[in-house]
Amino acid sequence: MPRGVLDKTFEPKHKEDKWYQYWLKHDLFHAADETRNKPFSIVIPPPNVTGMLHMGHALNNVLQDIVVRTRRMQGLNTLWMPGMDHAGIATQNVVEQELARGNLTRHDLGREEFIARIWRWKEKYGGVIINQLKRLGCSCDWERERFTMDEGLSKAVREVFVRLYRDGLVYRGDYVINWCPRCHTAISDLEVEHKETNGFIWHIRYPLAEGEGEVVVATTRPETMLGDTAVAVNPADERFRGLVGKKVVLPLMNRVIPIIADGYVAMDFGSGAVKITPAHDPNDFAVAERHGLEIISVIDGSGRINENGGGYQGQDRYECRENILRDLAENGYLAGREPYLHNIGQCYRCKTDIEPAVSKQWFVRTKPLAQEAARAVAQGRTRIIPSLWEGTYFEWLGNIRDWCISRQIWWGHRIPVWYCPCGEIIVSASDPDRCPDCGSGEIKQDEDVLDTWFSSALWPFSTLGWPEATKALKTFYPTSLLVTGFDILFFWVARMMMMGIYVMGEVPFRDVYLHALVRDENGEKMSKSRGNIIDPLEMIDKYGTDAFRFTLAAYTAQGRDVRMSEERIEGHKHFVNKIWNAARFALANLADYEGAASTRPGEETLPNRWIRHRLNLTIREISRHLEEYRFNEAAQAIYQFTWREMCDWYLELIKPALYGKGTPDERIATQKTLLEVISQTLLLLHPFMPFVTEEIWQALPGGDTTSIMISPYPQFDETREDYEGAEKMAACMEIIGAIRNIRGEMEIGPAARLKVIMSSPDEGRRASLSQTASHVIHLANLESFVITCDPEEPRGSVTGVVTGGRVIVLMEDTLDLDRKRAKTEKELARTEKELIQVERKLANRDFLSKAAPAVIEKERGKAAELKHKHLILEGTLKKIKGLQIAPPTGGISDPAKAVHAQ
RNA sequence: GGGCGGGUAGCUCAGUCGGGAGAGCGCCACGCUUACACCGUGGAUGUCACAGGUUCAAGUCCUGUUCCGCCUACCA
């Protein structure tokens, strides 16, 4: 596109790819390992390799890009580290589904072949999301792109595991873990979703083994009774006094089990007696440990009853439940049931009901790590924004339980542990070929892989090259900021804190900004099943990336969900169009601008002074908002400035000067300011709307072809404040507003040129207003504009009250008295109401003695102004009434008489 | 069970230090004025969930109530 020319309309489709390629070609996203400039770094929350861009990604990455682009323009050595997560279970699921279409399972292929298959899948289909991020305009340093399973990161994973093991922070043992019968793997507590479900509590009779009597137990899961090894009651429970130590017969199984006493049992719940199934309930497991009970697993890895379940073997756990209930009832063991609302744990991946099961797994001892992670935030070494999440963070870390990190799947980092038949356990970062103890070559590596989040926890330093002491690591760690959704505060953020501090001895990031979830316009979570998904790419196709990005930013208020609606995006497409057309207007009027013409400050026109002042303040406002991650406020500020101030007022105000209605100097001065204002506005807009701003930027006259991406971000400059000029302009704008208001209310079309008198008793004000008279004439479309001290309102006029005076619009024969009366009455009523309020305040002695002086002063000023306004309006209304009651013959033609007749 | 957030215009939501209730969209009226009808100008619209309290002054601070939403949790 040649300089100085823009297409009639902005076509995002054509321009977005062009500029993205341009930025790539000029290597503008790349951060140097070392520069003199202060570093700024963000690591991307790595999307799953199977991921497709959804609203959550879009929001997350647009916010990051806004910060990154701003910092880069501010001259920091800015790194946005991109990459992807191997997403263990999710990815394995995808490839297994693919196999299932050919009626194959991973076991048919074998481990090695299956993993090879996943890698091939990854090369072919994985990472679609990376290109989608590019469409969002993300300015990641793609040369550094990493993958959690790549060589370097795998090395980091092993290294950390070994360290943790040596420090006694990783251990292996048999515990009740959360087992997903569909994924066939253990999952961590965090990966269990709790779903409220209507169920029942069944009461079951367990007869005493000796003598008469029974104990009634209460349970929500009767099928687990197959694995019961005790019945527990509270030691203080009178009802069971004398029974503790006796035995009961487990119905249907005819196994004799003891009655034990344990404080864990609540006396006021259920029947007061709890069946203990150590293999399938974490609490029962703990009870069993305390009492040395037998542990009998009765449910296998697929959720079926195993060989310990007697006649129920082979049945699905829920099918078995029905059968057991039937059998219990038939044999008189069922004492009753009551409806019960409780929570059932489900696998967060596949929504299958979790089966708690005893199993040998690897765990991270989290307590010591969590303490440090909490301390770091408490000491302010890392800031959590918005701070209300701090409480949640501390709460979780304070009650943290050990982290089960082994997974019985194949896709992931295989646990770097080898077992020798001699009993030796080898934990090593590199593959050993024989047992260091007995020298045997028969060693076998642990079959399990690590939880995906284990490698994610290392992301801030593993991506920078750790365990190598790279320059990048030195420069960019700790990272400056992490931007992510609050939903992974525990999954990811807390664990990065733990690992970062443990491995690096320093927190992984200075600031953590937690953004909200994106919901649909009804506030519901977007999901495929609800069918309420808004596809970001579809929005981009329809409205352009810039409009879409701006929308995301504009509605990201801290601590609140983002409710996405298509209409909002459309609205911001209009904003893009507005910017585009403002630029076209500017370019058309800058065609002959030679630049750098000497402008003496004294010749600066008021509109120029005003807009510069406003721009300067807007720069400060936006910078402050961005500094504190108030994206919505920053977006609103730039929107208001661009549209309401620059377009609505400034561009209209300067048209006469540009069209040569003033002096040549004025014209050049105005061109200079126009170019400056447009440029600065584009710079401010760029982080939000990278594409349209670049397109315009490169068409601007004068400058070189440096990308806007690396042009300096505007800075607030105290010395450029100009309240005097701004106030003069504001007074002029108020008058224009008052005249327009009268025009509207009196229903005078915009084409009619009006005669207006501006009356003010203040000589200074009159002088100042005369400076801006031409603007009033132009923007209010006047035939004449007279400034006078004469308070007389000519007959047939309509008056508007402004600060320090009034504007009188001459209507002559077009005056509609009813309208005028209605308008005046309405305004009078409003003024009266306000005046009463203010006067009541000023009459209050407590107010006068206790309120801040500035507040009182303000109220006094307000009172004076309102009184003045009230007086004028009253007078006007009186006159109108006089005219209206005048005899028909007199009418408007003889208003003076009518007035005096009153 | 514990914790957090929210209830402000028809809709979706801002509102930072307690001091004259705002925006966008929608709606009404008038206008195609040579950047833009994806536009301009003007206009209408509020029991700031409810009840108390603190204060000269409360959408804003405190207490309680209520209705939504979310997170978290080993009473079977």
Side-chain angles (χ1 to χ4, degrees), chain A residues 6 8-9 176 189 194 201 217-221 224 232 264-277 281-286 340 342-343 356 388-389 391-392 395-396 399 401 486-487 489-490 516-517 519 521-525 547 554-555 557 559-561 563-565 567-568 570-589 624-625 628 630 632-633 636 639-640 647-648 651-652 655 659 737 740-751 779-781 834 837-838 841 844-852 854-856 858-859 862:
Chain A
L6 290 175
K8 181 97 165 87
T9 54
V176 172
D189 295 335
H194 298 272
I201 289 190
V217 301
T219 181
T220 54
R221 298 201 55 198
T224 60
Y264 145 72
V265 181
M267 288 186 280
D268 55 356
F269 188 85
S271 64
V274 184
K275 56 190 270 317
I276 300 296
T277 320
D281 185 289
N283 302 307
D284 294 4
F285 183 83
Y340 187 53
H342 63 144
N343 284 306
L388 68 95
W389 288 107
T392 313
E395 166 83 14
W396 187 72
N399 300 316
R401 291 196 289 160
F486 62 75
D487 51 325
L489 177 61
F490 306 142
L517 255 45
R519 300 174 185 281
E521 49 210 318
N522 302 315
E524 296 206 31
K525 216 167 165 172
Y555 294 98
R560 292 196 68 151
D561 289 340
R563 290 204 190 191
M564 183 48 59
S565 92
E567 278 167 27
R568 297 173 168 197
E570 193 181 359
H572 286 117
K573 183 190 156 203
H574 297 170
F575 183 42
V576 174
N577 182 252
K578 189 75 182 175
I579 296 163
W580 184 254
N581 280 294
R584 286 179 60 227
F585 168 79
L587 286 177
N589 288 286
R624 281 180 179 170
H625 289 319
E628 294 169 56
R630 292 196 295 252
N632 61 323
E633 305 270 4
Q636 202 183 343
Y639 183 97
Q640 291 294 330
C647 291
D648 288 354
L651 296 187
E652 296 305 327
K655 276 177 181 172
Y659 296 160
R740 283 171 171 174
N741 172 279
I742 291 168
R743 193 189 278 278
E745 301 238 312
M746 303 304 291
E747 295 209 351
I748 306 164
L779 289 187
N781 193 24
E834 281 177 46
Q837 255 176 9
V838 176
K841 218 179 236 186
N844 185 338
R845 213 167 288 156
D846 287 327
F847 174 73
L848 294 175
S849 61
K850 289 180 184 169
V855 173
I856 297 172
K858 207 169 146 192
E859 290 296 317
K862 197 175 11 173

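For clarity, every value in this text was computed on a predicted model and none was experimentally measured. Naming: A, B, ... by sequence-line order, numbering from 1 per chain.
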Would you kindly give the [atom1]-to-[atom2] distance between [X] and [N], to the nearest whole Å?
{"X": "A:N589", "N": "B:U34", "atom1": "CG", "atom2": "P", "answer": "14 Å"}
{"X": "A:L388", "N": "B:G6", "atom1": "CG", "atom2": "C1'", "answer": "12 Å"}
{"X": "A:N844", "N": "B:U55", "atom1": "CG", "atom2": "P", "answer": "14 Å"}
{"X": "A:F585", "N": "B:C38", "atom1": "CZ", "atom2": "P", "answer": "20 Å"}
{"X": "A:R584", "N": "B:C38", "atom1": "CZ", "atom2": "P", "answer": "14 Å"}
{"X": "A:K8", "N": "B:A35", "atom1": "NZ", "atom2": "P", "answer": "10 Å"}
{"X": "A:N581", "N": "B:C38", "atom1": "CG", "atom2": "C1'", "answer": "8 Å"}
{"X": "A:D487", "N": "B:C71", "atom1": "CG", "atom2": "P", "answer": "9 Å"}

Between the base of B:C36 and the side chain of A:K578, is there any donor-acceptor pair under 3.5 Å?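 Indeed there is one.
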Expected string for nucleotides 16-28 of chain B under the B/S/- scheme (protein heavy atoms, under 4.0 Å, primed atoms plus P, OP1, OP2 as sugar-phosphate) is B--BB--SSS---
Whichever of A:L848 and A:Y659 has its nearest RNA chain B nucleotide further upstream toward 5' =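 Nearest-nucleotide comparison on RNA chain B picks A:Y659.
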Item to check | Of A:P750 and A:A583, the one whose closest RNA chain B nucleotide lies more 5' | outcome: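 Per heavy-atom nearest nucleotide, the more 5' residue is A:P750.
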Contact class for A:F285 (heavy atom, under 4.0 Å): base, sugar-phosphate, or nothing?
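Touches nothing.
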### Query
Base, sugar-phosphate, or nothing for A:A588, non-hydrogen atoms under 4.0 angstrom?
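Answer is nothing: A:A588 stays at 4.0 Å or more from every strand.
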Donor-acceptor side-chain pairing of A:N399 and A:E395 below 3.5 angstrom: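 A donor-acceptor contact under 3.5 Å links the two side chains.
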[X] side-chain N/O to [Y] backbone N/O, donor-acceptor pair under 3.5 Å:
{"X": "A:N781", "Y": "A:P750", "answer": "yes"}
{"X": "A:N741", "Y": "A:G737", "answer": "no"}
{"X": "A:R401", "Y": "A:D189", "answer": "no"}
{"X": "A:D281", "Y": "A:T277", "answer": "no"}

So which protein N/O to nucleotides 72-76 of chain B N/O distances come out below 3.5 Å?
residue, atom, partner, partner atom, Å
B:A73, N6, A:N343, ND2, 2.3
B:C74, OP1, A:R401, NH2, 2.8
B:C74, O2', A:N283, ND2, 2.4
B:C74, N1, A:N283, OD1, 2.9
B:C74, O2, A:N283, OD1, 2.5
B:A76, OP2, A:Y340, OH, 2.5
B:A76, O2', A:A218, O, 3.0
B:A76, N6, A:A266, O, 2.7
B:A76, N6, A:F269, O, 2.6
B:A76, N1, A:A266, N, 3.2

Measuring only the [atom1] atom in each nucleotide, how far is [N] from [M]? A whole number of Å is fine.
{"N": "B:A23", "M": "B:A9", "atom1": "C1'", "value": "11 Å"}
{"N": "B:G46", "M": "B:U41", "atom1": "P", "value": "24 Å"}
{"N": "B:A51", "M": "B:C13", "atom1": "P", "value": "24 Å"}
{"N": "B:U8", "M": "B:G1", "atom1": "P", "value": "27 Å"}
{"N": "B:G22", "M": "B:U16", "atom1": "C1'", "value": "15 Å"}
{"N": "B:U65", "M": "B:C28", "atom1": "C1'", "value": "40 Å"}

Secondary structure of RNA chain B per the Watson-Crick/G-U criterion (both distances under 3.5 Å; [ ] crossing, | other strand, . unpaired) is (((((((..((((.....[..)))).(((((.......))))).....(((((..]....))))))))))))....
Subject >> B:C17: syn or anti, per glycosidic angle within 90° of 0 >> reply: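 Glycosidic conformation of B:C17: syn.
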**Request:** Report yes if at least one side-chain N or O of A:K655 is closer than 4.0 Å to OP1 or OP2 of B:A35; otherwise report no.
**Result:**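 Yes, A:K655 has a side-chain N/O under 4.0 Å of OP1/OP2 on B:A35.
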request  = Can you see which heavy atom on A:V576 is nearest to which on A:A547, and at what distance?
outcome  =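 Scanning both residues, the minimum pair turns out to be CG2-N, 3.9 Å.
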Exercise for review: Measure from the side chain of A:N741, starting at C-beta and using heavy atoms only, and say which of B:G43, B:U41, B:A35 lies closest.
Suggested key: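 So the side chain of A:N741 is nearest to B:G43.
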Open item on the list: Pair A:K573, A:E570 - check salt bridge (Lys or Arg N to Asp or Glu O under 4.0 Å), show working.
Closed with: CA-CA 5 Å; A:K573 183 190 156 203; A:E570 193 181 359; over 6 Å; no
Q | A:H342 side chain near A:I201 side chain, heavy-atom distance below 4.5 Å | A |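 No, every pair of side-chain atoms sits at 4.5 Å or beyond.
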Q. Has A:K578 got its NZ or CZ under 6.0 Å from the middle of the six-membered ring of A:Y639, at an angle within 45 degrees of the ring axis?
A.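 No cation-pi geometry.
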